[in-house]
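To start, the structure under review is shown below, and the notes come after it.
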Protein chains: 2
Amino acid sequence: MKDLNKRSKIIAAATKVFAKKGFFTARISDIAKEAKVADGTIYLYFNNKYDILISVFEEEIGKIIEQIKKILATETDPKRMLEMYVTRHLQTMKKNRNLAEVIQIELRQTNKLIKEYRNTKFIEYTDMMADIVRLGQSQGVFRDDIEPDIAKRFFFGALDEVSRIWTTSAEGRYSVEEIAGQLLQIILTGISAPNGRLADPDGCSAT
Amino acid sequence: MKDLNKRSKIIAAATKVFAKKGFFTARISDIAKEAKVADGTIYLYFNNKYDILISVFEEEIGKIIEQIKKILATETDPKRMLEMYVTRHLQTMKKNRNLAEVIQIELRQTNKLIKEYRNTKFIEYTDMMADIVRLGQSQGVFRDDIEPDIAKRFFFGALDEVSRIWTTSAEGRYSVEEIAGQLLQIILTGISAPNGRLADPDGCSAT
DNA sequence: TGTAACTGAATGAATGACCATTCATCGTAT
DNA sequence: ATACGATGAATGGTCATTCATTCAGTTACA
């Protein structure tokens, strides 16, 4: 019985190994050992090493996206949506450090490695942020003079680099709430419309 | 005559090749060909492949740091300093795309590759931003409730990801001024002290 | 000045290590 | 007995690195 469970086990192992050693220095035999499986078994579930990496993206990041989408669907206030996005992202990265490492480091290389592969899942993820900004602008809550496509990069970059606090050992002391608070402080103050007619009543939704 | 110039030629070639193919898929023979030099010649100037990568960081990034340091030294107003840092960073990244690629992608892997190597030059670079924030806080220009060590990551991450606009083809249309303007808009509004000249527009003093 | 010996940079073919991938074989469930 | 997942040793290809050799310039001496 070709075990679907075994596939997940290999993906989990690969995530761990890629996180620790990086895609190129990771050996198939490392992944096999971590998954408690023979080297050859991996090729019953994946075509090659790249295929494993792509599967990590597709399946693991896919899960995160679905979760955030579900959460955002319960909310209509753009400021709140931003809060949720930021908080959830940080929570996930802190909790799942291995995945965080793989996203942060290997994701950026992927385009270079595998020309045919456009990481649509990932683009979808960052585009959600641009959409939130647009929504806020249409409601007059966010400044009009901000380009959503620049803002999404700005925010994602900030989130991504900040969450490296937890992967690069030293300053692990900060809590998700603390960091989310700081980011939202800056972001929300920075992009709120000067006299937003529909602005958050107390004008201060951070934290 | 052992040509110092040849060393630079190899570094320049390596920067280009690493940017295009990434450290691991780049072959020494690629670099040699790009530098118009024999494979073996490279080993007269560098110990090994890693050594080339580190040299790219040390020497090329080193130059950038020196330049920004020099520029910042002419200024005492923290807001202006932030403006200068941001603008200069973006200018450099747009101008020198290959180096930008190497920094953005390979830099993050370096720790994993070469355990002994701590990229002090780079830490120095991001710490400059933390120092600017601290300076601003001591002058009462920036909010006190912002952690400089979180802010530096926030800003660097944002800058880094935003400048990928120029390396990942698609949206190369944006100008440095345009993007710097957007970032500074958000950053300065976001971190200014409630009653500074660029005070929080809706008078919100959170926390 | 001509030439013979010397120096060390440059070359690139050859070496050897490493590792992704394959496949003949094994074990187990039905 | 048959089918099929699992195994892991063997294979083959890909480079990083080495090093015997070439080559250009410099010195020494007549």
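Chain letters run A, B, ... following the sequence lines, proteins first, then strands; residues in each count from 1.
Ring pair A:Phe156/A:Phe122 is perpendicular by interplanar angle, where above 60° counts as perpendicular and below 30° as parallel.
Each of A:Lys49 and B:Thr41 has a nearest nucleotide on DNA chain C; the 5'-most of these lies closest to B:Thr41.
Whole-Å rounding puts the B:Leu44 CG to D:dT17 P distance at 14 Å. Here the C1' atom of nucleotide D:dT14 and the NZ atom of B:Lys21 are 12 Å apart, to the nearest Å. If you measure from atom CG of B:Asn5 to atom C1' of C:dA9, you get 15 Å, rounded to the nearest angstrom. At whole-Å resolution of the value, OH in B:Tyr45 and P in D:dT17 are 18 Å apart. D:dA16 atom C1' lies 16 Å from atom CZ of A:Phe24, rounded to whole Å. Whole-Å rounding puts the A:Lys36 NZ to D:dA6 P distance at 17 Å. Distance, A:Lys9 NZ to D:dG5 C1': 14 Å, rounded to whole Å. The CD1-C1' distance, from A:Ile42 to C:dT21, rounds to 11 Å in whole Å.
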key: From CA spacing to verdict: salt bridge (charged side-chain N to carboxylate O under 4.0 Å, His left out), A:Arg7, A:Glu59   = CA-CA 11 Å; A:Arg7 189 170 197 281; A:Glu59 306 195 10; 2.5 Å; yes
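Salt bridge A:Arg143/A:Asp145: present, at least one basic N to carboxylate O contact under 4.0 Å. A salt bridge is absent between B:Lys121 and B:Glu124: the closest approach of a Lys/Arg side-chain nitrogen to an acidic carboxylate oxygen does not fall below 4.0 angstrom. Under a 4.0 Å N-O distance rule, the pair A:Asp149/A:Arg134 qualifies as a salt bridge. Electrostatic pairing of B:Asp30 and B:Lys33 does not count as a salt bridge here, judged by no charged N lying under 4.0 Å from a carboxylate O. Comment: A:Glu60 engages A:Lys63 in a salt bridge, judged by a side-chain N to carboxylate O separation of less than 4.0 angstrom.
Comparing atom distances between the A:Asn48 side chain and each of C:dT11, C:dT21, D:dG8 picks out C:dT21 as nearest.
Within residues 26-34 of chain A, the residues that place at least one heavy atom under 4.0 Å from DNA chain C are, in residue-number order, A:Ala26, A:Arg27, A:Ile28.
The phosphate of D:dA6 has OP1 or OP2 within less than 4.0 Å of a side-chain N or O from A:Lys6.
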What pairs of nitrogen or oxygen atoms, one from the protein and one from nucleotides 22-27 of chain C, lie under 3.5 Å apart?
none

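The minimum heavy-atom distance between A:Gln137 and A:Asp144, with the atom names listed, is NE2-O, 3.7 Å.
Checked against side chain to side chain donor-acceptor pair (under 3.5 Å), A:Tyr125 has the following partners two or more places apart in sequence or in another chain: A:His89.
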